[in-house]
Amino acid sequence: MSCYDRLINTIRGNEYEADEFQAGGFTVQDAKTIHAPVIQEAFINMECTLKDIQDLSGAGITAMVIGQVQHISVEEEYAQGYEKRYGKDGFMMLIPAPQDLKTGEPAQSAVATVNIERLD
């Protein structure tokens, strides 16, 4: 199963009681500095402690979560150069459902990758 397929399965299998690690077919291991799981297959893991949660909407709908990074683990091939970081096998981003500015209706979320077209 490709990384893309695993990500899509995790996004689709995110019901409240769902095990998102299992839905994506990921291997869970213990973090090095905090009491939390990390994904063994991830090229980067950032271990953070919670500092604050601020309700941005005033209605409990949207929150800003503030953390402090305690430890970062990254595969060496991703730490140097651009070759592995971008493109179809590189960083993947979840693009949240954008809202129609007139109606307020949400559109569909998407998954994207970044392709480097030119380096300056």
Side-chain angles (χ1 to χ4, degrees):
M1 181 182 312
S2 74
C3 183
Y4 177 82
D5 292 332
R6 288 176 181 216
L7 177 64
I8 295 302
N9 288 344
T10 300
I11 292 169
R12 289 184 178 150
N14 70 350
E15 292 82 19
Y16 186 75
E17 295 294 324
D19 181 339
E20 294 175 19
F21 294 110
Q22 185 177 19
F26 295 110
T27 307
V28 177
Q29 64 185 38
D30 291 333
K32 292 181 181 3
T33 62
I34 62 172
H35 182 67
V38 295
I39 297 173
Q40 182 177 332
E41 294 84 0
F43 65 89
I44 187 170
N45 277 298
M46 297 175 64
E47 301 174 18
C48 301
T49 53
L50 179 64
K51 292 298 177 189
D52 193 19
I53 300 175
Q54 297 177 9
D55 181 6
L56 300 178
S57 66
I61 299 170
T62 305
M64 177 171 59
V65 178
I66 302 168
Q68 181 175 2
V69 176
Q70 301 297 322
H71 180 80
I72 299 175
S73 300
V74 63
E75 288 183 17
E76 189 171 344
E77 60 189 4
Y78 285 93
Q80 300 175 340
Y82 291 102
E83 294 78 19
K84 293 287 282 183
R85 287 191 210 167
Y86 305 103
K88 67 182 182 78
D89 296 322
F91 291 175
M92 297 178 82
M93 301 169 285
L94 174 62
I95 301 179
Q99 287 185 314
D100 182 300
L101 297 177
K102 289 185 177 181
T103 66
E105 292 294 316
Q108 186 173 356
S109 295
V111 175
T113 58
V114 175
N115 288 313
I116 301 299
E117 297 290 327
R118 186 181 94 198
L119 296 174
D120 291 329

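Predicted model only: the values in this text are computed from it and were never measured.
Residue pairs meeting the side-chain hydrogen bond (donor to acceptor under 3.5 Å, both in side chains) criterion with at least one partner in residues 31-42, sequence neighbours excluded, are T27-E41, T33-E47. Screening residues 46-71 for ring pair (Phe, Tyr, Trp, His ring centres under 6.0 Å), with sequence neighbours left out, gives no hits.
Every side chain to side chain donor-acceptor pair (under 3.5 Å) that Q68 has, sequence neighbours left out, goes to K51. Under the side chain to side chain donor-acceptor pair (under 3.5 Å) criterion, E76 pairs with no residue at all, not counting sequence neighbours. Residues passing the side chain to side chain contact (heavy atoms under 4.5 Å, CB included) test with A36, sequence neighbours excluded: I34.
No continuous path of hydrophobic side-chain contacts links V69 to I53 [ILVMFWY only; heavy atoms under 4.5 Å]. Residues V38 and I72 are members of separate hydrophobic clusters, defined by side-chain heavy-atom contacts under 4.5 angstrom among Ile, Leu, Val, Met, Phe, Trp and Tyr.
Atoms CE and CG, on M64 and L56 in that order, are 5.5 Å from each other to the nearest 0.5 Å. Rounded to the nearest 0.5 angstrom, C48 SG and I66 CD1 are separated by 12.5 Å. The CG atom of D55 sits 8.5 Å away from the CD1 atom of I61 when rounded to the nearest 0.5 Å.
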Considering only distance and modelled atom types, tabulate donor-acceptor pairs under 3.5 Å from the side chains of residues 16-26, sequence neighbours left out.
from: D19; atom 1: OD1; to: F21; atom 2: N; distance (Å): 3.0
from: D19; atom 1: OD1; to: Q22; atom 2: N; distance (Å): 3.1

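With N45 contributing its side chain and S73 its backbone, the two residues share no donor-acceptor pair below 3.5 Å.
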